[in-house]
Amino acid sequence: MSVYYTLCFLAATAITIAFVNQYIMKIQTTIAITSGALIISILMLVLGKTTWPELELHAIATLETVDFGEFLLQGILGFLLFAGGLGINLPALKDQKWEISVLVTVGVLTSTLLVAGGLWLLTYAAAIPLPFIYCLLFGALISPTDPIAVLAIVKKLGAPEQIAIQIEGESLFNDGIGLVIFMTIFAVAFSGTDATFSSVAALFTHEAIGGIIFGALLGLMSHVMISATDDGSMELLMTLCIPTAGFALANVLGVSGALAMVVSGIMIGNWTRYTGFSEQSEKYLDQFWHLLDEFLNAILFLLIGLAMLLVEIHWQAWILMLCGIPLVLAARFISVALPYVGFRRFRGYNKFSVRILTWGGLRGGLSLAMALSIPAGVKLGSEGQIELRDLILMMTYAIVLFSIIVQGMTITPMINKAKAAEKAGFPIE
């Protein structure tokens, strides 16, 4: 079956789960889709190990026709981040610029080091000693919060604006610094590259700063073109060129396409929306991108649930899977709480801010895509009984599922308490 046909059937499955969810579970759509796909995966594995072995083999072969990393990192990521940027309130983002800047740099670096150190100790306890460079690699891919998961779940719950803009802004921008850290450690681990200050600085400047500049130029060019026509359909079609040709060109140039999409999305959503669009296209801009965002998110979260079929489960790594979840949460809490000690010297914050930013720091498809990019063949253990790629993929998958299903389903009471505290007139501490 071709990739196109596979994606067609996956889309139909995701939409069917979402439809059924309206009448049965009635939970957040992306959580329902991930949970439904996970149940389907478990059923296929059980049937494959008992009465219907061909079913499991066929399901795995079909799923492997879609390269998850390629589909996300080189495909729909541009659409999802551009749509997220369109919904950002720029004045509110400027008001929180220092908090967001610290969280996406110092916060990610702190979390990466804490996760790496904790994992290094855990691997020795589990009798699967892991070199520290690989622990750093895992810390780099799991520390940045996933903008797709965050925007799909947390944003829709109506958190207080101060908290909402921090968690949205952080999730949209921190994948840039996280990807730079991951690529640097990846090069040291598998290519023998020396991690000098100059090489890291050059990589950061080219990827992150280059992506921001390219996104600004792309947004400016799109603004000029959209402002030059009064055809509503043409204006909407021009916005489609940004996450398609614009995202592809960013990747060709070697700059961060993710950051470019966020920057151009913010420009179109906060500037062109009010001065460049005709009345007709302005009316349909949000509806058009909301529908496209929902459709692509449905496919992505279904793939996350079905990815269980591709994960090789090793009993030796169970302790790392179980301990990895609290380790990542603890590192997230520390990396958020420490900056807030400084933040509170200059302004007040909702007393639930640190808790919501910690529990709402969801991981998703981006972490899985980075884990899948790790090359196979690196053996671990005294007898080489487990591969590095399998181990990291198992831990990443467990954390992603816990993040989306457990954290996503239980964060609502925290947000409700934060809203109640703000309404009661005691919003800060």
OG1 on Thr62 to CG on Leu306, rounded to 0.5 Å: 10.5 Å

Side chains of Arg347 and Gln96 in contact at under 4.5 Å (non-hydrogen atoms): yes

Side-chain donor-acceptor pair present, Tyr349, Glu99, cut-off under 3.5 Å: yes

Flag if over 12 foreign heavy atoms under 6.0 Å of CZ, Phe295: no

Step-by-step side-chain contact (heavy atoms from CB on, under 4.5 Å) determination, Leu329 to Phe402: CA-CA 11 Å; Leu329 283 173; Phe402 182 88; 3.9 Å; yes

Under 3.5 Å: donor-acceptor pair, side chain of Ser403, backbone of Arg363: yes

Mutual orientation of the aromatic rings belonging to His223 and Trp271 [parallel < 30°, tilted 30-60°, perpendicular > 60°]: parallel

Exercise: identify the closest heavy-atom pair between Pro243 and Trp289: CG-CH2, 3.5 Å

Enclosure of Phe19 CZ (heavy-atom neighbours >12, cutoff 6.0 Å): no

Side-chain heavy-atom pair Gln28, Thr412 within 4.5 angstrom cut-off: no

Exercise: identify the closest heavy-atom pair between Ile411 and Gly360: CD1-CA, 3.3 Å

Side-chain touch Phe190/Tyr134, heavy atoms, less than 4.5 angstrom: yes

Ser222/Thr272 under side-chain contact (heavy atoms from CB on, under 4.5 Å): CA gap, chis, key distance, verdict: CA-CA 9 Å; Ser222 301; Thr272 313; over 6 Å; no

Min side-chain heavy-atom separation Ile133-Leu137 under 4.5 Å: no

Parallel, tilted or perpendicular, as decided by the 30° and 60° cut-offs, for the rings of Phe186 and Phe182: tilted

Heavy-atom side-chain contact between Asn416 and Lys419 under 4.5 Å: yes

Any donor-acceptor N/O pair, Arg389 side chain to Leu372 backbone, under 3.5 Å: yes

Side-chain (Ser256) to main-chain (Ile212) donor-acceptor, under 3.5 angstrom: no

Would you be so kind as to tabulate the donor-acceptor pairs closer than 3.5 Å made by side chains of residues 74-90, with sequence neighbours excluded?
from: Gln74; atom 1: OE1; to: Asn251; atom 2: ND2; distance (Å): 3.2
from: Asn89; atom 1: OD1; to: Ala92; atom 2: N; distance (Å): 3.4

Could you list the donor-acceptor pairs under 3.5 angstrom formed by side chains in residues 109-117, with sequence neighbours left out?
from: Thr110; atom 1: OG1; to: Val106; atom 2: O; distance (Å): 2.7
from: Ser111; atom 1: OG; to: Ser143; atom 2: OG; distance (Å): 2.9
from: Thr112; atom 1: OG1; to: Val108; atom 2: O; distance (Å): 2.8

Straight-line distance of Ile100 CD1 to Gln166 CD, nearest 0.5 Å: 6.5 Å

Pairs touching residues 103-116 that satisfy salt bridge (Lys or Arg N to Asp or Glu O under 4.0 Å), sequence neighbours left out: none

Sidechain-backbone polar pair: Asn270 side chain, Ile266 backbone, donor-acceptor under 3.5 Å: yes

Sub-4.5 Å side-chain heavy-atom contact between Val406 and Ile325: no

Ser264 side chain vs Gly215 backbone, donor-acceptor pair below 3.5 Å: no

Heavy-atom closest contact (Phe214 atom, Ala260 atom, distance): CD2-CB, 3.8 Å

Shortest non-hydrogen separation from Gly365 to Ile304 and the atoms involved: N-CD1, 3.7 Å

Minimal non-hydrogen separation, Ile392 against Ala371, with atom names: CG2-CB, 4.2 Å

Heavy atoms of other groups near Phe288 CZ, more than 12 under 6.0 Å: yes

Nearest-0.5 Å distance that lies between atom CZ in Phe132 and atom CG in Leu130: 10.5 Å

Pairwise side-chain contact, Met267 with Leu218, heavy-atom cut-off 4.5 Å (strictly under): no

Heavy-atom closest contact (Pro339 atom, Val102 atom, distance): CB-CG1, 3.8 Å

Expected output: side-chain Asn21 to main-chain Ile33 donor-acceptor under 3.5 Å: no

Full working for side-chain contact (heavy atoms from CB on, under 4.5 Å) between Met308 and Leu401: CA-CA 10 Å; Met308 183 178 183; Leu401 283 183; 5.6 Å; no

Point-to-point distance, once rounded to the nearest 0.5 Å, from CG of Asn350 to CE of Met414: 12.5 Å

Main-chain N/O of Met370 paired with Ser373 side-chain donor or acceptor, under 3.5 Å: yes

Side-chain heavy-atom pair Pro144, Leu366 within 4.5 angstrom cut-off: no

CD1 on Ile399 to CG on Leu368, rounded to 0.5 Å: 10.0 Å

Distance in Å, Ile167 CD1 paired with Leu172 CG, rounded so as to fall on 0.5 Å steps: 11.0 Å

Derivation of the side-chain contact (heavy atoms from CB on, under 4.5 Å) call for Thr30 and Ile404: CA-CA 8 Å; Thr30 48; Ile404 294 173; 5.7 Å; no

